[in-house]
Amino acid sequence: MANYSKKLAAKSNFKLKEHPTNIKDEISKDDAKIELKELRKKIAALQDKMYADDRYSVLICLQGMDTSGKDSLIREVFKEMNVRGVVVESFKTPTELELQHDYLWRHEIRLPEKGKFTVFNRTHYENVLVTRVHPEYLLNERIPNITDPHHLPSDFLGNEIRPNKQF
């Protein structure tokens with residue numbers, strides 16, 4: 001199991017394409033269960049120390065498509081932790097209040113308190129993804145000088161990527 005952790009650990013020269021996304025051949029189901037149980041204990045111990053120290057917090061951001069397993073991952077990884085110290089934030093369609101602010105505001109106000117863990121089930125990046133597919137959603141944000149979302153300035157979405165363009 002220690003070899004597994006070392007083999008897939010991210011380093012400064014980490015390249016995703018060099019790492020498997022299907023790890024069935026990398027670790028057995030039984031070893032994975034043992035490893036998960038050990039990691040839960042370590043995370044729970046860290047949570048206790050952080051809560052007592054009241055100086056640091058942890059933000060975990062999960063981004064994935066529907067049915068990609070985000071909820072299951074949250075449930076399995078954090079089941080040993082004190083529920084009062086873990087907050088899961090799911091971001092749906094922005095509310096009227098959220099639309100009165102920039103798109104990062106609703107994430108900023110949900111950052112973890114000192115001594116606690118917060119899991120963002122979807123992140124601010126969701127807004128970038130969705131508006132590339134549905135640029136008309138940008139009109140809800142009332143961004144100055146954006147009146148036709150199909151004719152955005154070339155650098156609006158970054159990297160010269162245009163809405164509805166094949167990636």
Side-chain angles (χ1 to χ4, degrees), residues 1-95 98 102-135 137 157-159 161 163-167:
M1 286 172 288
N3 289 338
Y4 170 74
S5 295
K6 287 179 185 174
K7 183 177 181 180
L8 296 178
K11 297 177 180 60
S12 62
N13 61 347
F14 180 86
K15 290 184 176 50
L16 185 61
K17 67 181 177 182
E18 295 173 2
H19 295 272
T21 55
N22 182 350
I23 62 170
K24 289 180 182 175
D25 296 335
E26 303 291 326
I27 187 170
S28 72
K29 199 173 206 176
D30 291 337
D31 285 346
K33 287 180 180 179
I34 292 167
E35 180 83 7
L36 180 58
K37 193 173 186 178
E38 291 173 10
L39 289 173
R40 280 187 198 129
K41 288 179 185 175
K42 288 180 181 179
I43 293 170
L46 176 63
Q47 180 192 30
D48 289 342
K49 290 176 185 175
M50 285 178 49
Y51 184 78
D53 188 50
D54 198 32
R55 267 192 279 183
Y56 301 99
S57 57
V58 174
L59 173 63
I60 299 165
C61 298
L62 301 177
Q63 185 67 41
M65 296 173 57
D66 290 341
T67 71
S68 64
K70 299 180 302 293
D71 293 322
S72 298
L73 181 127
I74 293 166
R75 190 171 40 256
E76 288 301 314
V77 170
F78 297 102
K79 74 169 40 167
E80 297 291 326
M81 295 178 72
N82 183 330
V83 295
R84 291 178 290 170
V86 180
V87 176
V88 178
E89 298 285 357
S90 296
F91 296 97
K92 306 287 184 195
T93 303
T95 65
E98 291 168 342
D102 68 78
Y103 79 100
L104 289 174
W105 179 80
R106 69 185 188 149
H107 302 278
E108 185 177 337
I109 62 171
R110 294 178 183 168
L111 290 172
E113 296 176 39
K114 301 288 187 216
K116 294 191 177 186
F117 283 64
T118 295
V119 180
F120 281 4
N121 185 346
R122 298 192 186 267
T123 66
H124 62 282
Y125 193 62
E126 189 77 15
N127 191 57
V128 176
L129 294 171
V130 170
T131 55
R132 287 179 188 230
V133 177
H134 296 285
Y137 292 176
L157 292 172
N159 299 327
I161 295 175
N164 298 326
K165 181 179 179 185
Q166 293 291 333
F167 293 92

State plainly whether the residues E76 and R40 are in salt-bridge range, i.e. N to O under 4.0 Å. yes

Can you establish whether the number of heavy atoms outside Y51 located under 6.0 Å from its atom OH is more than 12? no

Check step by step if side chain to side chain contact (heavy atoms under 4.5 Å, CB included) holds for F117 and I43. CA-CA 10 Å; F117 283 64; I43 293 170; 4.1 Å; yes

Please round to the nearest 0.5 Å and tell me the distance separating atom NZ of K37 and atom NZ of K79. 10.5 Å

List the steps and the verdict of side chain to side chain contact (heavy atoms under 4.5 Å, CB included) for V86 and Q47. CA-CA 9 Å; V86 180; Q47 180 192 30; 3.8 Å; yes

Got a second to check how far I74's CD1 is from N121's CG, nearest 0.5 Å? 4.5 Å

As an exercise, state the distance from OH of Y56 to NZ of K114, rounded to the nearest 0.5 Å. 9.0 Å

Is there side-chain contact between T118 and R110, with at least one heavy-atom pair below 4.5 Å? no

In terms of heavy-atom contacts, E113 and S57 come closest through O-CB, 3.2 Å

Nearest heavy-atom approach of D31 to S28 is N-OG, 3.0 Å

Using the side chain to side chain contact (heavy atoms under 4.5 Å, CB included) rule, take F120 and L111 through it: C-alpha gap first, then chi angles, then the decisive distance, then the call. CA-CA 9 Å; F120 281 4; L111 290 172; 4.2 Å; yes

Report the distance from atom OG of S68 to atom CG of L62, rounding to the nearest 0.5 Å. 8.5 Å

Rounding to 0.5 Å, atoms CG (L104) and CD (E98) come to a distance of 12.0 Å

Short question: side chain of K116, backbone of V87 - any donor-acceptor pair under 3.5 Å? no

When rounded to the nearest 0.5 angstrom, what distance separates CD in E80 from CG in L39? 11.5 Å

